[in-house]
Amino acid sequence: MSEETAHKTRSDMIVCENVDKWFGDFQALKGVTATIAEQEVVVVLGPSGSGKSTWIRCINRLEAHQKGTIVVDGVELTNDLRNIEKIRSEVGMVFQQFNLFPHLTVLDNVTLAPKWVRKMPKTEAENKAKDLLEMVGIPEQAAKYPGQLSGGQQQRVAIARALAMEPRIMLFDEPTSALDPEMIKEVLDVMRDLALGGMTMMVVTHEMGFAKEVADRVIFMESGEIVEEGTPEHFFTNPTEDRTKLFLSQIL
Amino acid sequence: MNSGLNNGGAAPAQLTPKLVAGAFLILLCSILLSLLFGPVSIRPDRIFLEIFDRIPWISVDSGLSKVEAAIVWDVRLPRIVLGLIVGGLLAMAGASYQGVFRNPLADPYLLGVAAGAGLGATVAIVSGASNGTGMFDALPIAAFLGSAIAVGITLAVGGAVSRSTSTASLLLAGVAVASLFTAIQTYIQQRESATLRQVYSWILGRLSTSGWDEVLLILPYALVSVSIMYAMKGALDVLAVGEEEALSLGLRPERVRWVVIAAASLASASAVAVSGLIAFVGIIVPHAVRLVVGASNRLVVPLSFLIGAAFLMLTDLLARTLQSPAELPIGVVTAFFGAPFFLFVLRRRSDGVI
């Protein structure tokens with residue numbers, strides 16, 4: 001319970017209430033309600049098609065929800081472009097497909113958005129990018145092109161690229177699903193370091209080891225709704241819902 | 001999945017002084033060549049002296065007759081400057097369109113600029129409102145209005161759809177609008193066959209000028225559109241990593257797209273208004289630049305202006321000297337060199353190089 005009280009003293013970073021989302025006739029999110037506190041690391045699990053990616057994509061408005069409210073760091077997501085812009089500037093996102101610009105060096109890929117979206121001076125952007133590449137463990141790759149890097153290294157560049165915009169929240173949408181097995185660990189290690197550094201994170205993943213080790217809380221979704229949530233210990237050792245048990249029996 | 005893409009990518013993504021100097025050198029050589037050669041042969045040393053003479057506080061006797069001096073200042077030079085502006089605008093607009101649609105085959109006439117200008121020009125010629133060239137001639141204005149209307153319809157129809165499909169529907173709307181305008185233009189042209197020759201020669205493109213009027217006419221539009229495209233070159237690079245990545249990096253792709261499309265359309269419409277439909281410059285020049293410096297829009301967009309300007313000046317030099325005193329339509333010359341190059345690029349594409 002001490003962890004619960006710790007969360008309450010922190011401010012709420014993401015508050016979702018009764019969020020509904022349809023794609024045509026198909027309801028992808030059904031009354032999703034959850035609160036993510038500052039510095040909390042939440043892993044979202046669920047079978048494919050359960051709405052977990054759709055949910056985190058709603059949080060930085062890559063998808064628009066139709067009902068309910070989403071408040072990110074005190075700003076409600078509405079159709080107001082200024083709000084959307086403000087929220088996107090605080091939320092970094094890492095995708096399954098780490099689309100880097102193949103014709104630019106790694107360093108250039110990381111400095112691109114700070115320079116051309118934030119208008120950060122060149123040397124400042126480059127120093128920051130070098131620090132970030134150091135952080136994700138590939139400072140020696142700065143002058144190379146994405147095609148010369150392994151998938152795991154490319155994904156780490158993508159993480160550095162998102163961090164270069166100085167987000168307060170990081171969303172990860174299956175960041176290791178496109179990687180060869182031997183490269184998954186290096187990416188998860190970077191994410192764990194980020195979590196230990198106090199970043200607020202929502203991670204959609206199938207990596208149960210990461211969920212057990214790093215998550216403060218696990219949220220299990222199915223058919224667009226949150227079925228069960230709790231600490232990793234509760235979730236993996238003592239789940240209460242039948243659907244959770246079924247999912248875990250299939251995946252573990 | 002992208003591993004084949006960076007073969008030619010070993011170039012710096014910055015406008016280094018060396019690259020800029022190189023491009024300016026090519027431009028300068030093209031200007032000099034175009035100035036020195038023409039249907040009337042004038043001694044090169046005298047042309048140089050004449051230019052020196054015009055520099056303030058320098059007075060030399062160039063030995064040129066009044067007529068020869070007029071040929072240099074009021075015939076050759078305005079035409080060179082017009083070629084510079086038009087070639088630069090078309091190539092830069094092509095590079096910008098290619099960046100914004102992330103499609104290497106996009107060209108400045110994509111969204112109906114050519115068909116709209118064609119209809120406008122045909123109407124002006126047929127109605128007799130155009131009686132030559134000049135500052136207040138109706139033809140460039142009608143052509144400009146025609147392309148503005150065509151692009152406006154394309155954007156209004158094709159842009160009124162959701163984000164994910166917007167570039168595809170813009171392109172389709174552009175195709176439909178272009179067909180419609182071309183159909184109307186052809187209909188008018190067939191009914192008024194007496195003016196067929198005049199319309200046809202406009203469609204093939206030409207850089208004939210009457211003094212400095214055309215240059216002055218498009219200069220303001222050129223300055224505005226070039227500055228905007230230049231300012232957006234970095235945003236195009238951010239956009240190049242993908243719509244969702246750009247969004248999550250804080251860029252507003254829709255806004256970038258609208259601004260670049262508007263500026264590139266303005267550039268193409270003003271170029272077309274004074275020069276007719278000059279083919280291929282907008283496609284081959286950006287590709288040639290890309291082959292040399294790599295695919296970063298921060299290099300391709302500005303360098304395309306300089307190289308496009310040089311390319312059009314040189315093709316115009318060929319157009320007015322190959323069969324002098326007769327002139328070849330410049331559109332024929334650009335296509336004659338452009339089409340084979342384009343086929344070459346296309347073949348490389350199908351080999352999986354690009």
Side-chain angles (χ1 to χ4, degrees), chain A residues 56-57 59-64 81-82 84-105 107-119 122 143-151 154 157-158 161-167 169-171 173 178, chain B residues 1-16 98-99 102 104 162-164 230-256 258-260 286 289-301 352-354:
Chain A
I56 72 165
R57 286 163 61 84
I59 288 168
N60 71 345
R61 200 64 167 194
L62 288 180
E63 308 282 356
L81 271 178
R82 280 165 305 177
I84 295 173
E85 209 166 345
K86 185 160 189 322
I87 287 172
R88 286 208 184 114
S89 73
E90 301 205 341
V91 180
M93 185 147 182
V94 175
F95 299 86
Q96 184 177 343
Q97 296 294 347
F98 29 87
N99 290 321
L100 303 174
F101 196 163
H103 301 281
L104 295 180
T105 63
L107 189 73
D108 239 354
N109 265 285
V110 179
T111 56
L112 201 54
K115 278 201 298 205
W116 294 95
V117 182
R118 281 275 168 85
K119 315 288 180 206
K122 188 179 158 220
K144 290 195 183 161
Y145 289 87
Q148 298 168 283
L149 270 55
S150 72
Q154 290 192 48
V157 175
R161 179 177 67 184
L163 290 174
M165 297 301 279
E166 303 176 329
I169 301 168
M170 284 287 283
L171 307 176
D173 188 3
Chain B
M1 61 166 186
N2 287 335
S3 57
L5 278 170
N6 67 326
N7 299 341
Q14 242 110 30
L15 275 179
T16 57
Q98 286 155 20
R102 279 186 275 151
S162 70
R163 189 182 78 221
S164 51
Y230 185 80
M232 299 304 279
K233 62 192 192 303
L236 282 183
D237 267 358
V238 182
L239 196 60
V241 298
E243 181 96 9
E244 297 199 329
E245 283 80 359
L247 269 172
S248 70
L249 288 171
L251 191 79
R252 276 162 48 186
E254 297 102 301
R255 199 182 65 170
V256 171
W258 283 110
V259 171
V260 174
V289 172
R290 228 171 256 126
L291 284 177
V292 176
V293 303
S296 167
N297 290 301
R298 281 174 289 165
L299 301 177
V300 174
V301 170
V353 175
I354 289 182

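Since the structure is predicted, the reported quantities are computational estimates derived from the model, not experimental observations.
In this structure, the separation between CG on B:Leu251 and CZ on A:Arg118 is 12.0 Å, given to the nearest 0.5 Å. Here CH2 of A:Trp116 is found 14.0 Å from CG of B:Leu239. Values are rounded to the nearest 0.5 Å. Summarising the geometry, atom NE2 belonging to A:His103 is positioned 8.5 Å from atom CZ belonging to B:Arg290; distances are rounded to the nearest 0.5 Å. The distance from the CE atom of A:Met93 to the CG atom of B:Leu247 is 10.5 Å, given to the nearest 0.5 Å.
Of the atoms belonging to A:Ile84, not a single heavy atom falls under 4.5 Å from chain B. Only the side chain of A:Lys122 comes within contact range of chain B, judged by heavy atoms closer than 4.5 Å.
The two residues A:Leu100 and B:Val241 come nearest to each other via the heavy atoms C-CG1, 4.2 Å. Of all non-hydrogen atoms in A:Leu112 and B:Asp237, the two that sit nearest each other are CD2-O, 3.5 Å. Taking all atoms of both residues into account, the shortest heavy-atom contact from B:Leu249 to A:Val117 is O-CG1, 4.0 Å. Looking at every heavy atom in both residues, A:Phe101 comes nearest to B:Ala240 through CE1-CB, 3.7 Å. What you find for B:Ser248 and A:Phe95 is that their closest heavy atoms are OG-CE1, 3.6 Å.
Proximity of A:Lys115 to B:Arg298: side-chain heavy atoms (C-beta onward) are separated by under 4.5 Å at one or more points.
Evaluated for a salt bridge (Lys or Arg N to Asp or Glu O under 4.0 Å) with B:Glu244, the options A:Arg61, A:Arg57, A:Arg88 yield exactly one hit, A:Arg57.
The salt bridge (charged side-chain N to carboxylate O under 4.0 Å, His left out) check on A:Lys86 picks up A:Glu90, with sequence neighbours excluded.
Residue pairs meeting the salt bridge (Lys or Arg N to Asp or Glu O under 4.0 Å) criterion with at least one partner in residues 91-102 of chain A, sequence neighbours excluded, are absent.
The choice from B:Met232, B:Glu245, B:Arg252 that makes the most heavy-atom pairs within less than 4.5 Å of chain A is B:Glu245.
For CZ of B:Arg102, the number of neighbouring non-hydrogen atoms (other residues, nucleotides, ligands) closer than 6.0 Å is greater than 12.
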